[in-house]
Amino acid sequence: QVRLQEYGGASIQAGGSLNLSCEASGDALRSNCMGWFRQSPDKEREGVAAIGSYGTKKLAASVKGRFSVSKDSSKSTLYLRMNSLNEDDTAMYYCAAAQEVYCGFATLSAETFDTWGQGTQVTVSS
């Protein structure tokens, strides 16, 4: 059973940067796609960034140019680098992995992912 644990959430002022990390047990990162999602109380869950098993990456339009996603398979860790944060980025950020569905190309479709972390809170204030 793969388990995911996110780290790095914090309260930060607008314009700042944060690095989130997701540590995975097992070989999830080596074999299939991973992603970051976020959700705030007044919004629907949103796919933020993902990496496919082929190494392709995908970012949501709302974060392009500000966020980047990467992974270190040797450490079984997925990263999300967030720059130029604004209040709209305030949310609980979740790491996700696909175990049952093979996804060579990165996808931001939540239905693809069947394993989720507990989330880490990011709060951006002006």
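Taken to the nearest 0.5 Å, the CG atom of Leu80 stands 7.5 Å off from the OH atom of Tyr93. Between atom CZ of residue Arg38 and atom CD of residue Glu44 there is a gap of 13.5 Å, rounded to the nearest 0.5 Å. Remark: Gln99 CD to Thr115 OG1 distance equals 4.5 Å, nearest 0.5 Å. Here the CD-OG distance, from Glu6 to Ser21, works out to 9.0 Å after rounding to the nearest 0.5 Å. In this structure, the separation between CH2 on Trp36 and OG1 on Thr120 is 7.5 Å, given to the nearest 0.5 Å. Here the straight-line distance linking atom OG1 of Thr123 with atom CG of Leu85 works out to 11.0 Å at 0.5 Å rounding.
Residues Cys95 and Met34 approach most closely at SG-CE, 3.8 Å, considering heavy atoms. For Asp89 against Ser84, the heavy-atom pair with the smallest separation is OD2-O, 4.3 Å. In this structure, Lys71 and Tyr79 approach most closely via the heavy-atom pair CA-CD1, 4.3 Å. Taking all atoms of both residues into account, the shortest heavy-atom contact from Thr112 to Cys33 is CG2-SG, 4.2 Å.
Val122 and Val69 fall within a single hydrophobic cluster, where Ile, Leu, Val, Met, Phe, Trp and Tyr are joined by side-chain heavy atoms under 4.5 Å apart, directly or via other members. Residues Met82 and Tyr94 are members of separate hydrophobic clusters, defined by side-chain heavy-atom contacts under 4.5 angstrom among Ile, Leu, Val, Met, Phe, Trp and Tyr. Cluster membership for Leu59 and Phe113, using ILVMFWY side-chain heavy atoms within less than 4.5 angstrom, is not shared. Taken together through direct or relayed side-chain contacts under 4.5 Å among Ile, Leu, Val, Met, Phe, Trp and Tyr, Ile12 and Val48 form part of one hydrophobic cluster.
Every residue meeting the side-chain contact (heavy atoms from CB on, under 4.5 Å) condition with Ala60, not counting sequence neighbours, appears here in chain and number order: Glu46, Ser62, Val63, Leu108. Arg45 is linked by a salt bridge (Lys or Arg N to Asp or Glu O under 4.0 Å) to nothing, counting only residues two or more places apart in sequence or in another chain.
A donor-acceptor pair is defined here as one N or O able to donate and one able to accept, closer than 3.5 Å; no such pair exists between the side chain of Trp116 and the backbone of Leu4. Checking side-chain atoms of Ser25 against main-chain N and O of Arg3 turns up a donor-acceptor pair under 3.5 Å. For Thr56 (side chain) and Ala106 (main-chain N/O), a donor-acceptor pair under 3.5 Å exists by modelled atom type. No donor-acceptor distance shorter than 3.5 angstrom exists from the side chain of Gln118 to the backbone of Gln5, with no hydrogens or angles considered. A donor-acceptor pair is defined here as one N or O able to donate and one able to accept, closer than 3.5 Å; no such pair exists between the side chain of Asn32 and the backbone of Ser53.
Asn83 and Ser17 are linked by a side-chain donor-acceptor pair at a separation below 3.5 angstrom, with hydrogens and angles left out of the test. A donor-acceptor contact closer than 3.5 angstrom links the side chains of Arg81 and Asn19.
Each of Leu20, Ile51, Asp72 was compared with Leu78 under the side-chain contact (heavy atoms from CB on, under 4.5 Å) criterion, and only Ile51 meets it.
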